[in-house]
2 protein chains.
Amino acid sequence: MRYANEILELINTSHEHLTAEEIFLRMKEQYPGVVLATIYNNLNHLHAEGKIRKVTVEGHPDRYDRATRHDHLVCSKCGDLTDIILDDFTEQLQSQIRDSILSYDLQIRYICPACRKQTNQK
Amino acid sequence: MRYANEILELINTSHEHLTAEEIFLRMKEQYPGVVLATIYNNLNHLHAEGKIRKVTVEGHPDRYDRATRHDHLVCSKCGDLTDIILDDFTEQLQSQIRDSILSYDLQIRYICPACRKQTNQK
DNA sequence: CTCAGAAATTAGAATCATTCTAATTTTAAA
DNA sequence: TTTAAAATTAGAATGATTCTAATTTCTGAG
């Protein structure tokens, strides 16, 4: 995986939630020959190793994120994603569930500040 | 929306989590002329009205679900979805978040009983 | 070093889910 | 009725992602 480290670095330092396409475009600046399929291969690999997270929100392409535990605020208007560190619910959930939990994904729907502004000023 | 009521009925009574394709196949038995695009139109409509939920899990087509508040157990192996009614976290979340929450989506990853059996008996 | 096999990358076709467009049909209501 | 709006149909189009086959790069045993 020639590009895995660079891609991991990109995801870990960028505080956006990049799509495969966006990562591809940034990688292409440094490695003009690189191809989108390679980016997907690397991303799938990193994801399988648990080094990155994949965030799937309906109506949007998958985005990639740091592997650290955190939750997401998702704007219902524009789909914008914001990281948010809430209390870890694992124990609380586990106490209510028979089977053992691997992890969980919490997406909180709201209207992001930018969209709220737009709507209000109508 | 000629089919909206039937589709809503289907989703509300079936305790599976049907995909658009599956709903289409069932509807076709009763209405042989119906077309997949119409099913999507009806589903999008019902979803926009808040009468059904759409469940998006990475690597799987969207599935449709009753609108009642509940969470999901998602099998990390096969993607199988199971409804689970946990305590409502809204207040707990709201107390930690500045912006106002519309709703949230909690997917809990685990290995479903069927997959667990498969793995163990190796 | 060097060669063989394994792993990764490339190019581009293929796939799958979903949406879109345009034409037609149905519905509703005046 | 007639007319306009809404829904449906047929099938093309889109977008994201995966797949296939050919090529390149890497690795490590000799």
Side-chain angles (χ1 to χ4, degrees), chain A residues 1-11 16-49 51-65 72 74 76-81 105 107, chain B residues 1-11 16-49 51-65 72 74 76-81 105 107:
Chain A
M1 290 285 142
R2 188 147 29 128
Y3 304 108
N5 289 333
E6 260 95 342
I7 292 175
L8 184 56
E9 183 72 6
L10 230 177
I11 290 168
E16 306 159 76
H17 294 84
L18 301 170
T19 62
E21 179 82 27
E22 288 164 344
I23 292 169
F24 167 59
L25 291 175
R26 300 206 186 178
M27 289 298 289
K28 214 160 60 162
E29 291 169 14
Q30 298 231 29
Y31 306 93
V34 81
V35 131
L36 184 53
T38 300
I39 303 299
Y40 274 108
N41 287 342
N42 278 267
L43 288 169
N44 288 341
H45 210 262
L46 288 166
H47 183 235
E49 291 179 312
K51 293 190 181 157
I52 59 174
R53 278 171 69 178
K54 191 192 257 195
V55 188
T56 300
V57 175
E58 82 116 323
H60 298 271
D62 290 344
R63 283 166 276 192
Y64 295 88
D65 199 356
H72 288 117
V74 184
S76 288
K77 272 270 168 54
C78 69
D80 183 67
L81 264 182
D105 225 316
Q107 295 185 2
Chain B
M1 290 284 141
R2 187 148 29 129
Y3 304 107
N5 288 334
E6 262 94 341
I7 292 175
L8 184 56
E9 182 72 5
L10 231 178
I11 290 167
E16 307 158 73
H17 294 83
L18 301 170
T19 62
E21 180 81 28
E22 289 164 343
I23 292 168
F24 167 60
L25 292 175
R26 301 204 184 181
M27 290 297 290
K28 212 161 59 164
E29 292 168 13
Q30 299 230 31
Y31 307 92
V34 79
V35 133
L36 185 53
T38 301
I39 303 300
Y40 273 108
N41 286 343
N42 277 267
L43 288 169
N44 289 340
H45 210 261
L46 288 166
H47 184 235
E49 290 178 312
K51 293 192 179 156
I52 59 174
R53 277 171 68 179
K54 191 192 257 194
V55 188
T56 300
V57 175
E58 81 117 321
H60 299 271
D62 289 346
R63 284 168 276 192
Y64 295 88
D65 200 356
H72 288 117
V74 185
S76 289
K77 273 268 166 57
C78 69
D80 183 67
L81 264 182
D105 225 316
Q107 295 185 2

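Letters A, B, ... mirror the listed sequences (proteins, then strands); counts begin at 1. Everything numeric in this text was worked out from a predicted model, so none of it was measured.
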Given atom [atom1] of [X] and atom [atom2] of [N], what is their separation to the nearest angstrom?
X: Phe24(A); N: dT17(D); atom1: CZ; atom2: P; answer: 14 Å
X: Leu46(A); N: dA8(C); atom1: CG; atom2: C1'; answer: 13 Å
X: Glu49(B); N: dA6(D); atom1: CD; atom2: C1'; answer: 14 Å
X: Tyr31(B); N: dT8(D); atom1: OH; atom2: P; answer: 11 Å
X: Glu22(A); N: dA16(D); atom1: CD; atom2: C1'; answer: 13 Å
X: His60(B); N: dT17(D); atom1: NE2; atom2: P; answer: 14 Å
X: Met1(A); N: dA7(C); atom1: CE; atom2: P; answer: 11 Å
X: Glu58(A); N: dA17(C); atom1: CD; atom2: P; answer: 16 Å

Closest-nucleotide ordering on DNA chain C, the 5'-leading residue of Arg2(B) and Pro61(B)
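By nearest-heavy-atom nucleotide position, the 5'-most residue is Pro61(B).
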Identify the heavy atoms of Met27(A) and Leu10(A) that sit nearest to each other, and give their distance.
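So the two residues come closest at SD-CD1, 4.1 Å.
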Which atoms form the tightest heavy-atom contact between Thr19(A) and Pro61(A), and what is the distance?
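The answer is CG2-CG, 4.0 Å.
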Contact list please: residues 34-44 of chain B against DNA chain C, heavy atoms, distance less than 4.0 Å, in numerical order.
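By residue number: Leu36(B), Ala37(B), Tyr40(B), Asn44(B).
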So among Asn42(A), Ile7(A), Leu8(A), which one has a side-chain contact (heavy atoms from CB on, under 4.5 Å) with Ile52(A)?
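Filter result, single survivor: Leu8(A).
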Candidates dT10(C), dA7(D), dT18(C) - which lies nearest the side chain of Asp62(B):
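Minimum distance to the Asp62(B) side chain belongs to dT18(C).
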So, applying salt bridge (charged side-chain N to carboxylate O under 4.0 Å, His left out) with Arg26(A), which one of Glu16(A), Glu9(A), Glu21(A) is it?
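The single option meeting the salt bridge (charged side-chain N to carboxylate O under 4.0 Å, His left out) with Arg26(A) is Glu16(A).
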Does the side chain of Ile11(A) reach to within under 4.5 Å of the side chain of Leu43(A), using non-hydrogen atoms?
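Side chain of Ile11(A) against side chain of Leu43(A), heavy atoms only: contact under 4.5 Å found.
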Gap between atom CD1 of Ile39(A) and atom CD of Glu22(A) - 0.5 Å precision
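That separation rounds to 12.5 Å.
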